[in-house]
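These notes concern the structure reproduced below.
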Amino acid sequence: MRIGVLTGGGDCPGLNAVIRAVVRKGIETYGHEFVGYRDGWKGPLEGLTRPLGLEDVEDILARGGTILGSSRTNPYTVDGGVDRIREDVRAAGIDALVVIGGEDTLGVAKRLTDDGLGVVGVPKTIDNDLSGTDYTFGFDTAVSIATEAIDRLRTTAESHHRALVVEVMGRHAGWIALHSGLAGGANVILVPERRFDIDQVAAWVKHRFDQEYAPIIVVAEGAQPSDGGEALQSDEIDAFGHVRLGGIGIWLAAELEQRTGHESRCVVLGHIQRGGTPTAYDRVLATRFGLHAIDAVHEGEFGVMVALRGTDIVRVPLAEATAELKTVPPERYAEAEVFFG
Ligand code: F6P
């Protein structure tokens, strides 16, 4: 078979590990051939390819980012986009696509499957918000980076008797905030799934200062106060209808300083959470996803996404994986609330 591979959406550590596993097993075990599409859906849309042989995947297991490049291109918002992809794939003699992406990229994969293309999906995102899989690769690395940042910020916050607000990524889902906040012993964790009362947050922060500790507040970029909206960096909308979030932490630090009388600072972790080498956990998960994705392609089972269930890798319909986001359930948030204040 001749198989196209692409990575779409926001990058995350472990993408190269998937590509390596797909190509290694695809060539060495099954004798297939590969074509790398550049920059997500832009690749098949504009015929942008690169070679993807054994030598191209040497030494990439531990490398962050993606050797294929990525983009947030949505072929369904481009005139004749789907026909162009179908035509490009046919002209390149490609039998199937391995698509590595999050909700948006895999949402397109699902629609293209309905339109007759052979696609197998692999779930990536630091946000861990894809349904159908217990974890996505990239999440463990992002949580580890955020946790290390919290540990470091705690010591300087304590020296200066300041509150430190740490803003992490998470547009609609607070998984990174929840896990890094729990791992780092945060005094308050704020997630998009639950609006927060600024007076309550200020009371928790004050209580922490009263006990002579420097409070650490972890806030997801998509968290919203009970009487306000999302903090936007730009209201420009991307091809999938998303605005660019950011700034809730800066707003929160200013409010807390004013309400508690204690100096409060904010650190926005931003893309640091997405860069660099994947953790061992993510390398293993990404590698296993890649191995199982090429098995699905080889067996001609399309329209599925490989997924982690417990310790097993299974196949779930792309339709199920992209139907709704996996957000933090109230009972998981309640576990963390025990440590607030
Ligand atoms: O979906 C992953 C993610 O990292 C989100 O947490 C974040 O809101 C978004 O991507 C940022 O995207 P970009 O890198 O395009 O600004």
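Read the numbers this way: they start at 1 and go in the same order the structure lists the ligands and their atoms. Numbers for residues simply follow the sequence, beginning at 1.
Salt bridge D83/R86: present, at least one basic N to carboxylate O contact under 4.0 Å. A salt bridge does not link D127 with R171: every distance from a Lys NZ or Arg NE/NH1/NH2 to an Asp or Glu carboxylate oxygen is 4.0 Å or more.
Remark: minimum distance from atom 6 (O) of ligand 1 to any protein heavy atom is reached at D127 OD1, 2.8 Å. With hydrogens left out, the protein atom closest to atom 15 (O) of ligand 1 is R72 NE, 2.9 Å, a heavy atom. Scanning the protein for heavy atoms near atom 16 (O) of ligand 1, the closest one is H271 NE2, 3.7 Å.
Between F340 and Y333, the gap from one ring centroid to the other is short of 6.0 Å.
Ligand 1 has no atom lying under 4.0 Å from any heavy atom of G102.
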>> I'd like to know whether L112 forms a side-chain contact (heavy atoms from CB on, under 4.5 Å) with V82, so could you lay out the CA-CA distance, the side-chain angles of the two residues, the decisive distance to 0.1 Å, and finally the verdict.
In response: CA-CA 8 Å; L112 285 173; V82 177; 3.7 Å; yes
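Distances from atom 11 (C) of ligand 1 to the heavy atoms of K124, R274, R244, Q273 show the closest one on R274.
Ligand 1 places these atoms under 4.0 Å from at least one heavy atom of R171: 8 (O), 9 (C). With ligand atoms numbered from 1 in the order given, ligand 1 contributes 6 (O) to contacts under 4.0 Å with heavy atoms of G170.
There is no side-chain donor-acceptor pair under 3.5 Å between R38 and S71.
By the 6.0 Å contact criterion, NE2 on H207 is open, its count of non-hydrogen atoms from other residues, nucleotides or ligands being 12 or less.
Proximity of E221 to ligand 1, defined as any heavy-atom pair under 4.0 Å, is confined to the side chain (atoms from C-beta onward).
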